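What follows is a short report on a single structure.
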Amino acid sequence: MKRIPQSYKLILSRYALSLLMLYLTQAVFYLFNTELFHIEGFSSVWKIFCGCTRYALSSLSVFLAPCLLMSLMPLPFKSNKIYKAVENIFFYLANIFMMVVNLIDTGYYRFTFKRLTADITRYLGVGGDFDELIPQFLRDYWHIVLSFVVLLSFFVLIDRMIRRRFSAKEEIRSAKQYISRSIVFVLCSALLIVAQRGGLQTRPLNLMHASMYCETQNTALVLNTPFTLYRTFGKPTLKPKHFFSEEEIKSIYNPHITPQSSTWADTLFASPLQVGKTNVVIIVLESFSAEYSKTYNTTGTSYTPFLDSLAQYSMVFQGLSNGKRSIDGIPAVLSSLPLMMEESYLTSCYGDNNLGSLAADLSKQGYATAFFHGGYNGTMNFDNYVKKIGYEYYYGKDEYNNDKDYDGNWGIYDEPFLQYMAKQLDTISKPFVATLFTLSSHHPYKIPAQHKGRFPKGSMIVHETVGYSDYALKRFFEQASKSDWFSNTLFVITADHSALTSQEEFKTQIGLFRIPMIIYHPSLKHPFVSDMTMQQTDIYPTIADLLHLNNDIFCFGRSVFSPQQHYYMYYTNGEYLLLMNGWLSKYKEGCPLELYFEKEDPGLKNNIAAKHKDIAAKHERLTKAIIQQYNNNIISNSTHP
């Protein structure tokens, strides 16, 4: 060690410190989200640590590159104070950035179940409420802010100790020293490139490689947010796929369909529903997991007494969300477009494409169309999106125009806004199709002062606001039932995505996405609870079937009343999950497909693809067909009838 120049010891020590800080922020991430992961045994911990290190080295090679290259360059003026100051600025900015984004994800991950990616910059830019929410986030996540302060103080203290310990000035006094330093510079530059790539393998390290080290549910512990941000920055969102010929693909999977009327579904009502006569109301509840309702959770506490009572007179299906964020859930519900890329569709370069929707179809049949959301106008670009897909009227915080019911964060409290909606529906022409997206059951989980203590607080912070939103829904139905239009209205109640859960059955790979899926009509004669899964993308074609819509539609779902094969598709970190007939497969391009019997193996521990090759082949064939249709139709702007 004595022969190693002090300057190199300084570089190595500071690099080790940066690696340690990434490890510590990863540890904070895990400690605050422990209940979201399942780690079994030391071998699992060791594999996660190895994967974590590989991704950490990749991140350090990118964000520390300016500082490291400045430190290693064999220049005669490296001891210059200005040069050293610039070098230190790069070092501190890189480390602070890496700490901040990793710690931000500590709180944000529990809402999305994925690490932040580059689309977050566009996501924050499509609404007017982010700036006003920052103070609330800082208050609610004070423990993360405190963690940052402690870690930053520790970082600064150790770095000062390192600089005092290795403070000798570097001087190049001979040609031999210059040559040796130049060789070290070239070698270290090459090592940085190797580290950035994650090794010498053919393909550079990407998000999908994380699953090599652990179960899908634990990949966030392997990844770090600095990596996912830089790795997804500036990347083309989708690439054309050619797994099958144009003729063959249509026989496997075709999103262009003609709704099929169901004779059996018609018998469920006093008289068949008809397009041109039946109103439609789609209610999307904010952050509503199926766990909160005894309709789906028979062993736990229910926080939705009204929804449970309504379910007894409804058709109930096993709902599954196609994403974990509102900006992904709304297009899945309204346009039958799931999230199957790293970036949200609405913020992607394809966001201006033409999409189909029930509103667009029914407006051609003389329907009035309206979208209600009590949040800021412009939030997540919903106002522009719903207008583009056929909604004529948009009712938001601006249209409500009464800030005495403002919750101080997101928009208007659910109860007064739903009463406002009921009154507005009385005034618009009939028939109509209306969509409501609630907001109160969202962080920071506030309810109006007059309702404090009225609803059970439960075991999680979300429970009280779920009770309040359920109460707001009850008051809406009480008001709406007094109107003439109510008796001839089809209601579909679901959620934009699931949220915090506490029971094990709702923490599995599929359980994390379980949401309510309830269809109600006052004339329904035969209510039932079905074991059939119904994903968000199934809502559009299901309503089209019930109303006997006779025009072609474009959708990535299937009517629950259709005899066609039903499935559920979800995408995360480059991995496609397909659930069909109780079998769940995981597909990553370039890797063998994994297959599990989810009903008996909800933790996905036993990959049985080798034992059931026919089922695995069927899953892979359908998965590839859906991917090809999704990518190619979006790229060519063919996502409409």
Side-chain angles (χ1 to χ4, degrees), residues 37-52 54-55 113-114 198-199 201-203 205-223 241-245 248-249 251-253 318 320 338 340 504-505 507-514 531-533 535 564-631:
F37 304 104
H38 297 281
I39 303 176
E40 297 180 355
F42 177 77
S43 61
S44 296
V45 174
W46 175 248
K47 289 177 68 176
I48 289 173
F49 176 77
C50 291
C52 176
R54 187 182 182 192
Y55 279 92
F113 294 106
K114 67 184 285 286
Q201 70 283 350
T202 305
R203 300 179 65 184
L205 189 68
N206 60 38
L207 278 66
M208 291 187 292
H209 289 127
S211 59
M212 295 166 51
Y213 298 94
C214 60
E215 304 286 338
T216 302
Q217 195 167 350
N218 295 331
T219 53
L221 298 177
V222 174
L223 295 166
K241 299 297 179 184
H242 304 287
F243 299 119
F244 309 99
S245 67
E248 188 179 10
I249 188 74
S251 66
I252 304 170
Y253 183 83
Q318 305 307 307
L320 291 167
M340 287 177 57
E504 289 304 314
E505 67 174 295
K507 290 184 177 182
T508 64
Q509 187 71 62
I510 295 300
L512 287 169
F513 298 90
R514 291 182 61 186
D531 291 332
M532 183 184 297
T533 59
Q535 59 187 333
Q564 293 179 309
Q565 177 66 62
H566 294 92
Y567 67 90
Y568 166 62
M569 172 75 85
Y570 177 68
Y571 172 86
T572 179
N573 293 332
E575 191 169 61
Y576 300 86
L577 280 71
L578 177 69
L579 178 67
M580 189 165 56
N581 295 331
W583 298 87
L584 187 143
S585 61
K586 295 160 67 174
Y587 170 77
K588 298 186 293 288
E589 288 194 50
C591 300
L593 180 133
E594 298 176 18
L595 183 70
Y596 306 87
F597 192 56
E598 197 271 338
K599 288 186 177 180
E600 296 179 0
D601 181 23
L604 310 186
K605 303 297 182 185
N606 302 309
N607 178 10
I608 51 178
K611 295 181 180 179
H612 301 276
K613 294 181 180 180
D614 54 337
I615 297 175
K618 184 178 181 181
H619 272 243
E620 184 168 351
R621 181 177 171 85
L622 179 58
T623 299
K624 286 182 175 180
I626 295 173
I627 294 171
Q628 181 171 325
Q629 290 285 25
Y630 185 90
N631 286 23

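Predicted, not measured: the structure shown is a model, and the values here were computed from it.
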- Message: Does Leu593 form a side chain to side chain contact (heavy atoms under 4.5 Å, CB included) with Lys586? I'd like the steps, not just the answer.
- Response: CA-CA 6 Å; Leu593 180 133; Lys586 295 160 67 174; over 6 Å; no
- Message: Are Tyr576 and Met569 packed together at the side-chain level, in the sense that at least one heavy-atom pair is separated by less than 4.5 angstrom?
- Response: yes
- Message: Please report the interatomic distance CE(Met340) to CD1(Ile626), rounded to the nearest 0.5 Å.
- Response: 6.5 Å
- Query: Are any of the side-chain nitrogens in Glu620 or Lys613 under 4.0 Å away from the carboxylate oxygens of its partner?
  - Reply: no
- Query: Hey, what do you get for NE2 (His612) to OG (Ser585), rounding to the nearest 0.5 Å?
  - Reply: 13.5 Å
- Task: Measure across Tyr55 and Asn206 and return the closest heavy-atom pair with its distance rounded to 0.1 Å.
- Result: OH-O, 2.6 Å
- Task: Could you tell me whether the side chain of Leu584 reaches within less than 4.5 Å of the side chain of Leu578, counting heavy atoms only?
- Result: no
- Message: Are the side chains of Lys588 and Glu594 in contact, using a 4.5 Å heavy-atom criterion?
- Response: yes
- Scan for ring pair (Phe, Tyr, Trp, His ring centres under 6.0 Å) pairs involving residues 585-606, sequence neighbours excluded, and state none if there are none. Trp583-Phe597
- Task: Write down the atom of Gly198, the atom of Leu205, and the distance for their closest heavy-atom approach.
- Result: CA-CB, 3.9 Å
- Message: Tell me if a side-chain donor or acceptor on Asp614 pairs with a main-chain N or O of Ala617 at a distance below 3.5 Å.
- Response: no
- Item | Other residues, nucleotides, ligands: >12 heavy atoms within 6.0 Å of Lys241 NZ | yes
- Side-chain contact, heavy-atom cut-off 4.5 Å: Ile39 with Leu221? yes
- Task: Any salt bridge (charged side-chain N to carboxylate O under 4.0 Å, His left out) involving residues 596-612? Give me the pairs, sequence neighbours left out, ordered by first then second residue.
- Result: Glu40-Lys605
- With rounding to the nearest 0.5 Å, note down the distance linking CG in Asn606 to CG in Leu595. 11.5 Å
- Is Lys507 atom NZ crowded by more than 12 heavy atoms from other residues, nucleotides or ligands, each under 6.0 Å away? yes
- Task: Decide side chain to side chain contact (heavy atoms under 4.5 Å, CB included) for Gln318 and Met532; before the verdict, give the C-alpha distance in whole Å, the side-chain angles of both, and the deciding distance to 0.1 Å.
- Result: CA-CA 6 Å; Gln318 305 307 307; Met532 183 184 297; over 6 Å; no
- Message: Side chains of Tyr213 and Arg54 only: does a donor on one sit below 3.5 Å from an acceptor on the other?
- Response: yes
- Donor-acceptor under 3.5 Å (Tyr630 side chain, Pro338 main chain): yes
- Are Glu505 and Arg514 close enough for a salt bridge, meaning some N to O gap below 4.0 Å? yes
- Item | Residue pair Tyr568 / Ile510, side-chain heavy-atom distance below 4.5 Å | yes
- Task: Of all the heavy-atom pairs spanning Phe243 and Lys624, show the shortest one and how long it is.
- Result: CD1-O, 3.4 Å
- 4.5 Å side-chain heavy-atom contact, Leu577 and Glu575: yes
- Rounded to the nearest 0.5 Å, the CG atom of Leu320 sits from the CD atom of Gln535 at a distance of 7.5 Å
- Item | Sub-4.5 Å side-chain heavy-atom contact between Val222 and Asn218 | no
- Message: Just so I know, are the side chains of Leu579 and Tyr567 near enough to count as touching, which here means a heavy-atom distance under 4.5 Å?
- Response: no
- Task: Identify, with sequence neighbours excluded, every residue that meets ring-ring contact (aromatic ring centres under 6.0 Å, His included) alongside Phe244.
- Result: none
